[in-house]
Each structure stands twice: as structure tokens, then as C-alpha cells.
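These notes are about the structure you will find just below.
Letters A, B, ... are given to chains in the order of the sequence lines, protein chains preceding strands, and every chain is numbered from 1. Everything numeric in this text was worked out from a predicted model, so none of it was measured.
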Amino acid sequence: MLMPVQPSIPNLDHQLLTRCVQKLKERERAVVVMTFYDEKTSADVANFLGVSEANTRVIRHRAIHQLRDCMGVAS
Amino acid sequence: MSTGNEGHCSNAIDAAVLADYWLSALSGADEEAVEQHLFECDLCGARLREVIALAEGVRKLARDGSLQMVVSDAFLKCAADEGLQVRQYAPPPGGSVQCTVTAEDDILIGRLAANLSGAKRVDLCLCDEHGVEQSRLPDIPVNPAAGSVLLQESITFAKAAPNNKMIARLVAIEESGDERLLGEYTFNHTRSLPGPGAW
């Protein structure tokens, strides 16, 4: 039987998220903030970091996994 | 894109791929595949909502100016376009600047001018008034062409801070592991908000 699935972060703990974001490496933090706040493309972020777009995507993926781990919602 | 069997979802989509989907960063075929899967999978739909919540949370932290991090000029432009009040100080290398923060400020920036060319890795050291390193941001993102590093200090911290002196030091890390000083910048913070004059 299928059960309705609720989001695991219905009320995001912003203090925990702050600590988790500060725990990221500098480049990872820059990537997630530029991506989610500035809504920058991978090309823009790659230019700022001085790395390739593919590398930017790898950094973004790693950062998202680490944030989810830190927030206790990793799958 | 799949991580294998998970609960009642036999082909769960990785959270980072869902973030790519939300950012419209997938190719047409991959986007279509994710969309088709989301139509049929509550679990991945819930995970997508988690990813969006996380992204919105990061966006709020950035907007609150509460992160200590290196930012870009594009970030400052975005903040200014949003109507945020950006306070920026730019002490010259080897120099100092008198600074403060007011209740109206949203973002606090130190612009550290330096010749960054040739530096493979740059660390930003934050030191106390005696120049003793208290913390370090290792391997910060730098754009040699920009000729400066923009350090965002947490506005929450700055608004709570009493009078104090902070020394920021940019160092290049050579392949040998040796450090080369790129610039040192002193911020003399005077508290202008009501509150304690010392820690």
C-alpha cells in the first residue's frame, strides 16, 4: 500500500542549515550560494571559481549531498 | 542518475540530479526522464520538495547576510538589485580602515585588493588584534583578473560585536607548502549600535 510521503524538511532548521553551510569547503559554499541565491548558471560559477562547468557541477553535487547529510535527510 | 532500489521506488533519482532538474540544468532528454519519473513516484516528488526547501534555505541565509564567506561582485549586484543595503570597506594592502555597521545594513563586505596572479591556492586568515590567526578560510575562490577578494562577514555577528580590531591576511600557498603574503588588512570596528563596548 502506498503511503503519502511528506517532505523530510517541512520546517527547515535555519540555525542547523547555517552551521551546515559554514562546514562546507569554501568553493562548495560559493557554488551553492551563487547557484541558489544569484541563480547563476554553471558557466558563471565556473568563471568565478576558475574551473570547468563540469567541475562546477561535481562541486555542486558534492555540496548538496553534504548539506543533506548534515541536515540528516540523506537517502 | 539513479541510486538503485529505495523503498517502493525502484529507480530513485539522486537529490543532486533533482537539484539540476529544478535549476533547469539538465539536457532535454534527462529532464524529460526525470519529469516522467516524478509523475509516477511520490518518494522522488518528496525528495524534490526537500531539495527545493534546502535551496530556499540557502537563499534565505545568503539574503540574511549571515554567512562568513568569499563572494563575487555578481553576488553584490544581485543583493543591491534586491534592495539590500550593502556596506563595504576597502582598506589598502598593509593599511587599515575605520568601520562600523548600522541597523539598516544587510550585507557587510571587506574588499581586499591584492595581486592574485600566479597564485594556485589562496587562503584567507582571520587574525585577532595582535595578528594571531584565529581562523582560516582555506583555498578560497579567486579570480586573478578581479584583483581583489570580497570577504563577507556575518552581519549578525557584526551587529552583535563590540569595538574590536580584526586583521585579515591573504596568503598564497606555494607548491612547497610555504606561504607567501599577498596582503594584510586591518579593520577597526567601532560599535555604533546600542550594546556592550567589549566582549
Is [X] in contact with chain A via its backbone, its side chain, both, or neither, using a 4.5 Å heavy-atom distance?
X: B/Ala74; answer: both
X: B/Leu67; answer: both
X: B/Ala146; answer: neither
X: B/Lys60; answer: side chain

So, taking the atom named NE2 in A/His14 and the one named CG in B/Asp64, what distance separates them when rounded to the nearest 0.5 Å? 8.0 Å

To the nearest 0.5 Å, atom CE of A/Met34 lies from atom CE of B/Met69 at 8.5 Å

Step by step, would you call A/His65 with B/Asp14 a side-chain hydrogen bond (donor to acceptor under 3.5 Å, both in side chains)? CA-CA 9 Å; A/His65 288 145; B/Asp14 186 273; 2.7 Å; yes

Heavy atoms of A/Leu49 and B/Pro141 approach each other most closely as CD2-CB, 3.3 Å

Of all heavy-atom pairs between B/Val58 and A/Val32, which one has the smallest distance, and what is that distance? CG1-O, 4.0 Å

Where does A/Ser42 contact chain B at under 4.5 Å (heavy atoms): side chain, backbone, both or neither? neither

Select one option (side chain, backbone, both, neither) describing which atoms of A/Val21 are under 4.5 Å from chain B's heavy atoms. side chain

Within the distance-only criterion (no hydrogens, no angle test), does the side chain of A/Gln22 pair as donor or acceptor with the backbone N or O of B/Gln68 below 3.5 angstrom? yes

Ion pair B/Asp139/A/Arg27, N-O distance below 4.0 Å: yes

B/Gln134 CD: over 12 foreign heavy atoms closer than 6.0 Å: yes

Looking at chain B, which one of A/Leu17, A/Asn47, A/Ile64, A/Val31 has the largest number of heavy-atom pairs inside 4.5 Å, strictly under? A/Leu17

